[in-house]
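Input: a single structure, listed below in C-alpha cells.
Excluded from the calculations below are hydrogen atoms, water molecules and symmetry mates; all remaining heavy atoms, backbone and side chain alike, are included. Here is the naming used below: chain letters follow the sequence lines, and residue numbers restart at 1 for every chain.
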Amino acid sequence: MVATVTGLWFPGVKLPQFDFNKLNGWLALVGVGGGLDYAWNNPSLTFVVGGVIHMIDGIIWAVIFGLVISPVLGVVIKPLRAMTPTVNLIKGLIWGGALWIISSALWMPLLIGPIFNLSPLNTFGLPCGVGPFLTCFGPYGVQALFTNLFWHMIWGVNLGLLFSPMRAASRVRW
Amino acid sequence: MMRALMIDLGLLVLGIILAVAGWFLTPGAASFQFPGPINDSGQSLIALGLTFVVVAVGLLLAGAEERMMAGTE
C-alpha cells in the first residue's frame, strides 16, 4: 500500500509516475468490449479494479516471503540466520530486488508491453511495448528501470521492517 | 555498532547527493502532467539516490530497534 501510493507521487520528484493500479486495471479490462477503449472510458473503475489486483499481488508476494523466502535465505546464507531487525530488513531488500528483476524482465515486458499500441517503434519498426528491462517505457528510457528499483526497494524496506518472526520457544507448533 | 551507523549515514548522504545532482540535471519543474520532464541520466540519478536514501533510512530504523531491544533486555 505504501509503495503503491508512493508510486503515484513519483512525479513530485521529477520521476515517471508508477501507477500500478492503472496498469493492472488495463490488463484486467483489456478484453472487455475489445481493446483498451472500455478501460480508457472508465478510469475510476480501471483504477479500483487494478488497485484490488495489485493489493492482492503484494499480499501474495509478502506471504511467499514470510513462508518460503525468509526461512530459506536464513538456511542458505549463514550470515542471514539471525532473526534481528537488520537481518530481516536485508532479507526484505533481497526479495524486493528479486521482484524488481522479475517485474522488469518478465512481468512488464510480457504482460503490460503488448497492451501499449502507441509505444515508439524499435529498430525493427515494431512497437516496442515497454522494452526489455523497461528501456522503452512510453517516452522514458532507462530511468523507468531505476524508478522501478526505487519502487520495489520501498516495498522491500516496508516488508523487512514489518516482518519480525520469532524463533519457536517450544516444540508446540500451530 | 558505530561502524554500522557510519555506513548507514554514508549511504544516506550519498543518496542525497545523487538525488540532488539528478534534480539539477533534469530540466524543467516537477509536473504531474504526463509525460513531465524527461532526462535519462538525471532521472536515473534521482531514482538511484532516493533508493539509497530509502535503504539507509530502513537500516537506521532497524539499527535503532536493535539498540532499543538490547537496552530493554
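Looking at A:Leu145, neither its backbone nor its side chain comes within 4.5 Å of chain B, counting heavy atoms on both sides. Heavy atoms of B:Ala29 lying under 4.5 Å from chain A belong exclusively to its backbone. Both the backbone and the side chain of B:Thr26 come within less than 4.5 Å of a heavy atom in chain A. Contact of A:Val13 with chain B is made through backbone and side chain together, with heavy-atom distances under 4.5 Å.
Using cut-offs of 30° and 60° for the angle between ring planes, the A:His54 and A:Phe20 rings count as parallel.
The greatest number of non-hydrogen atom pairs below 4.5 Å with chain A, out of B:Pro35, B:Pro37, B:Gly63, is found for B:Pro35. For the options A:Gly160, A:Gly12, A:Gly92, heavy-atom pairs under 4.5 Å to chain B are most numerous at A:Gly12. Contact count against chain A (heavy-atom pairs under 4.5 Å) is highest for B:Asp40 among B:Val55, B:Ile46, B:Asp40, B:Val54. Of the listed residues (A:Leu89, A:Leu8, A:Leu93), the greatest number of heavy-atom pairs within a distance under 4.5 Å of chain B belongs to A:Leu89.
A distance of 5.5 Å separates CD1 of B:Ile38 from OH of A:Tyr140, quoted to the nearest 0.5 Å. Note that CE of A:Met108 and CD1 of A:Ile102 are 13.5 Å apart. Values are rounded to the nearest 0.5 Å. The line from CH2 of A:Trp151 to CZ of A:Phe18 is 9.5 Å long, rounded to the nearest 0.5 Å.
Residue B:Phe34 places its CZ atom among more than 12 non-hydrogen atoms of other residues, nucleotides or ligands, all under 6.0 Å distant.
Under a hydrophobic-cluster definition in which Ile, Leu, Val, Met, Phe, Trp and Tyr are linked whenever side-chain heavy atoms come within less than 4.5 Å, directly or via other members, B:Ile17 and B:Leu45 are assigned to different clusters.
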